[in-house]
Each structure stands twice: as C-alpha cells, then as structure tokens.
2 protein chains.
Amino acid sequence: MRILIADSDSVAVGHLIKVLGKSSYTVDHVKTADEALNLFKHYDYDLFITELGLTDLPGEELIRQLRRSRVSTPIMVLSSRTDSQTKVAAFSAGADDYVTKPFDISEAQARIQALTRRAYGISEPRLRVGPLELDLESRMVSVNGHFLHLTSKEYAILELLLLRKGAVLTKDMFLNHLYGGIDEPEMKIIDVFICKLRRKLQRFGAEHMITTVWGRGYILQDPAATSAASHHSTTQSFPDGPSAPLRQAG
Amino acid sequence: MRILIADSDSVAVGHLIKVLGKSSYTVDHVKTADEALNLFKHYDYDLFITELGLTDLPGEELIRQLRRSRVSTPIMVLSSRTDSQTKVAAFSAGADDYVTKPFDISEAQARIQALTRRAYGISEPRLRVGPLELDLESRMVSVNGHFLHLTSKEYAILELLLLRKGAVLTKDMFLNHLYGGIDEPEMKIIDVFICKLRRKLQRFGAEHMITTVWGRGYILQDPAATSAASHHSTTQSFPDGPSAPLRQAG
DNA sequence: TATCAGCGATGAGAATACGCATAATTTCAA
DNA sequence: TTGAAATTATGCGTATTCTCATCGCTGATA
C-alpha cells in the first residue's frame, strides 16, 4: 500500500509518516506540487495526501491537474481551513476527503484506511467498539449484528465518537464536525441527538456506550472493556469515590 | 509542525522562536496583521501566536477576521494586558489561549505543546506518578487501577499537579490554570478542591501524594519514592533548605 | 509559649449543565 | 401542495458542581 504525501511542513507530517509506516504503508513525501506531479508520472499510488498551501501551485489546481491526467488515486486534503467554500472547491476539484489541521492522528488513520481499503481489500474498513460497528464508506451502522437506521446527523455524531473513541468530545467539536462552522445551530441540539442515539443503541442492547463527562462533553467507550478493570459497583467509566455515579441516560 | 508568529517586537519573540526552533517547530515570523493574513491565504499553520497591539490592525480584529474566513488553527495571544476585559474580548474573538507578557518560556512552551498536541498523535498522553495515572485525552484518572470520578475542577487541579510534578505550585498558579484570569473566585477555593482531591485519592490507597508546602502551595510526589530521595530539594521552591516542613493532611 | 496567619474540613445555597419531552420549523419526495 | 420525516428550538425538572462562610486546627515567628 503506497501513499504519497505533499506537504511543505516536514515536521507536521513526520509523525503521520511514522505512524503510517508502522501500519505497513509505504510513504513518499514531497514538498512541492511539481515533485508530486512528477512522481505520479512514474508511479502508482494508492492514496495521495496533500495540503492546499503548496508553494508552487494552489492545492486544488494540483488536484484538478491530476484528475485531468486521469489519475484515479483517492485524494485526501489536509488544511486548516474549515469554510465550506474551500471544502467544496477541493471536493469539486476531485478530492475524496478533507481533514482539518491540526488533525488527530488516529482519526486521520481511520480515514486513510477507509480510502485505501479498496485496493487490497482485506484491511479493516470498519470502526468497532464493543458491539458497535460502523462502516465509513457505506455509512452503515450495526449493533450486535442489527443494522440501525440513523439520520444523517445521528450518523455524523456517532462517526465522530468512533473516530475519536476514548477521547472526550466537546459539543463544540460536534458542531464543527456536523456543520463545518457554517450556519451552526444552538449547542443544545447536540444533546438531543446524543439522546436519540443512545435510545437507538439501547434498542439493540448497546447500553452505556456514550458517557457524559460533566461540564466537558461526551465519550464513547466499550462498557464491557472498562468495567473489567474496575470491580465493585463502579460505573462503567468514571466510578465514583463517594457515591454518585456518572449519569447515564437510559 | 508549523507556527506563525505575528509580533512587532522582534527582540521579545526572538528567544521564543529560538526555543521553538530547537523543539523542531518551523516558525514563520511577521510584524503586521496584513502579512499574517496574507500568509494564511497560502499556507496552513498548526498554531498562530499573535500580540494584540499590531500596528495595522487591532489583534482581536485580526483574530476575528481569521475566524470569519474559517481558519481553524489554534490561536494564542501574547499580551502585556492583564485585565479580564481584554482577555474576554480576545477569547470571544476566537483565541484559544492567552499568555501575559513577560512570559515564562517553559510555560509558553507547555501551552504551545498543549495546543498542538493533538496532531502529534499517540505519543504517550498518559501521566503517571506512583499509583496515579492520568490520561490527558480521555480525562480519566485511576489509582491502583481504580478509576476515579473527578469533577472538572478537581481534574484540572490534578492535571496541573501531574504536569508539573515535583514542583511546588502556588494557589495563584492553580487559579490561573483553572480560570485563566477570568472571573476568578477567592483563592480559598483551591484548598477546598485540594481537600476533595485528597479524599478521593485516599479512598483507593493513594495517600500523602499531595503535600502542603506551608505558606507556598502544594506539590505532588510519589510517597514511596520520596522517602529515599527527599533531598533533591534544590528546586526553586524550597528556599528554606532542609528545615522546610511538609505537612500532610490526614 | 503566645500570637497570628495559613490550612483542612464541612455543609448549604447558588449556579450551572444535563436529559428529555415536546413543539416548531425545515426539507424533500410524491 | 401536501404529508412525513428530519432537524432545530424551547422549556423545565433534576442532577451535579461550584463557591463561600465558618470553625477548629497547625505551623511560623519571636
């Protein structure tokens, strides 16, 4: 599995390259669009990751050129811009995914896996936590083998939870993930969707997976995995000292 | 990892740039808001550090403009102003952190790391001292394998203690860490939280970890380790030499 | 040892965040 | 245009956390 990265900042992508290397990807790294185009003339890649702000050519122009010369390699854009205008431009130029900087390594990894999965098949394209399974590509979600029907917002929330499982996600993060910073509704909506998600998960026996971290946000965990570590009546994830357990809807 | 600094006083930031450069950050430095905006049009940065008193545009206006154009890069403000009004204005414009000049280099470094940490990925986000373990991302804390349920303020205090383990932390530092100089309550609150923390730690056998340094503040230590090595006390915080007593609540 | 400032502990009221039902609005297909 | 589904907004009861006042105690200093 071969990846080409075009990014002028070698330090930032250094870690990404390191991580990908460990996942048995072969990574080439260039700093200019020119070099990237050149390499594409001679080699095939399974994925192309690029920033938009390359010095010699606007990122979307590079993408357009690649697509014009019939390069079908999936393209992932790395950028600090979150405006939908830029995103749309990137997508319409031919990008397949768009990740905002600074990015979370494991989230990027998951997305990369989703984009490269086709080429060699066998790798795991799915995100799993306990009985929960989510397919990034087909956007299907199942719990204990039962497929759930989720609305787009519900899916988007669950996707972020899975992409960054084990991390506390603030409502801000959800808003940003769901709306990309444009026409954002009230924050209160997030807990409405969380509530609906919880109920749907519960229907098929996946309880206590989304935990509230009071004053911060929400976190996704496999209750079976975490309760093993702690014994007595402690709650799934934040067993309490004195008394009160973490509140879990249900 | 790429940082853009906008500051008209090149001497002041010169040192910072030097230090950051050694930490393998790539640093660009401009002196006007105009230049900064221009660079943001063409490049992606992982962090933007700016003073408020730029000549051509009020700092917060610059921040607002960046945010309006959907730049999601974390923004750290450097300013000599300490009034909460200015701070609030900066934050509401879209800043992520606020450091007052003159600043402590290592503190600035820590904050910068915190702001850019996410992109560095999986590099050991856990802090440990003796039986205590803290995960910065999931905000989970465990003692001897038992997970604790901490409130957000309790967690914030423990986090600072662990981030700077072995150093005496004054109540001022805690206040600053918890409230960032905005709407700070009475200082007395800190020892209320310390008290609650100690009790929760004690419940699972972690006693004597938070030690009172009378008249100065608190320090986190592994009691098992310190009994042998209680004389590395040359740190900035023990001007009294060997006689300085440490008291432990119980 | 007397004195005083700093610290530990507690509990109650205030402030805040959350869960969820429900209502209003938007979207979209027929 | 109409109706159903999805999305967004609102409101309220409740859970949780924060803050403060207070009191008794501890350690520093002379």
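Note that the structure is a prediction, hence the values are computed from the model and not measured. In what follows, chains carry the letters A, B, and so on, assigned in the order in which the sequence lines appear, proteins first and then strands, with residues in each chain numbered from 1.
- Separating the NZ atom of B/Lys188 from the P atom of C/dG11 is a distance of 15 Å, rounded to the nearest angstrom.
- Ring centroid separation for the pair B/Phe48 and B/Phe40 comes in under the 6.0 Å cut-off.
- Residues A/Leu78 and A/Tyr98 are not in side-chain contact: their nearest non-hydrogen atoms beyond the backbone lie 4.5 Å or more apart.
- Rounded to an integer number of Å, the gap from A/Lys153 NZ to D/dA5 P is 19 Å.
- As rounded to whole Å, 17 Å separates atom P of C/dG8 from atom CD of B/Glu186.
- Salt-bridge annotation for A/Glu133 and A/Arg128: present, with a side-chain N of the basic residue lying under 4.0 Å from a carboxylate O of the acidic one.
- Between the P atom of C/dG19 and the CZ atom of A/Phe193 lies a distance of 15 Å, rounded to the nearest Å.
- Of all heavy-atom pairs between A/Met76 and A/Val99, the closest is SD-CG2, 4.0 Å.
- Comment: A/Glu154 does not engage A/Lys196 in a salt bridge, judged by the lack of any side-chain N to carboxylate O separation of less than 4.0 angstrom.
- The phosphate of C/dG8 has OP1 or OP2 within less than 4.0 Å of a side-chain N or O from B/Arg198.
- Of the side-chain N and O atoms in A/Arg199, one or more sit less than 4.0 angstrom from OP1 or OP2 of C/dA21.
- At least one donor-acceptor pair under 3.5 Å links the side chain of B/Asp96 to the backbone N or O of B/Ile75.
- Looking at A/Lys171 and A/Asp191, a side-chain N of the basic residue comes within less than 4.0 Å of a carboxylate O on the acidic one, giving a salt bridge.
- Neither OP1 nor OP2 of D/dA5 sits under 4.0 Å from any side-chain N or O of A/Thr151.
- We find that NE2 of A/His149 is positioned 12 Å from C1' of D/dA4, with the value rounded to whole Å.
- Regarding contacts with the backbone of D/dT8, a side-chain N or O of A/Tyr179 is found under 4.0 angstrom from either OP1 or OP2.
- Rounded to whole Å, atom P of C/dG6 lies 11 Å from atom CE of B/Met187.
- At its two ends the helix from C/dT1-D/dA30 to C/dA30-D/dT1 runs along axes set 40° apart, each axis drawn from five pairs and the angle rounded to 10°.
- In terms of phosphate contacts, B/Ser152 brings a side-chain nitrogen or oxygen within less than 4.0 Å of OP1 or OP2 of D/dC18.
- The CD1-P distance, from A/Ile194 to C/dA17, rounds to 17 Å in whole Å.
- Note on B/Tyr155: every side-chain N or O is 4.0 Å or more away from OP1 and OP2 of D/dT17.
- Among the heavy atoms of the strands lying under 4.0 Å from A/Tyr218 are primed sugar atoms or P, OP1, OP2 only; no base atom is included.
- Using a 4.0 Å heavy-atom distance criterion, A/Lys196 is classed as a base contact.
- Close to C/dG19, at under 4.0 Å from its OP1 or OP2, lies a side-chain N or O of A/Thr212.
- Spacing between atom CH2 of B/Trp214 and atom P of C/dC4 amounts to 14 Å, rounded to whole angstrom units.
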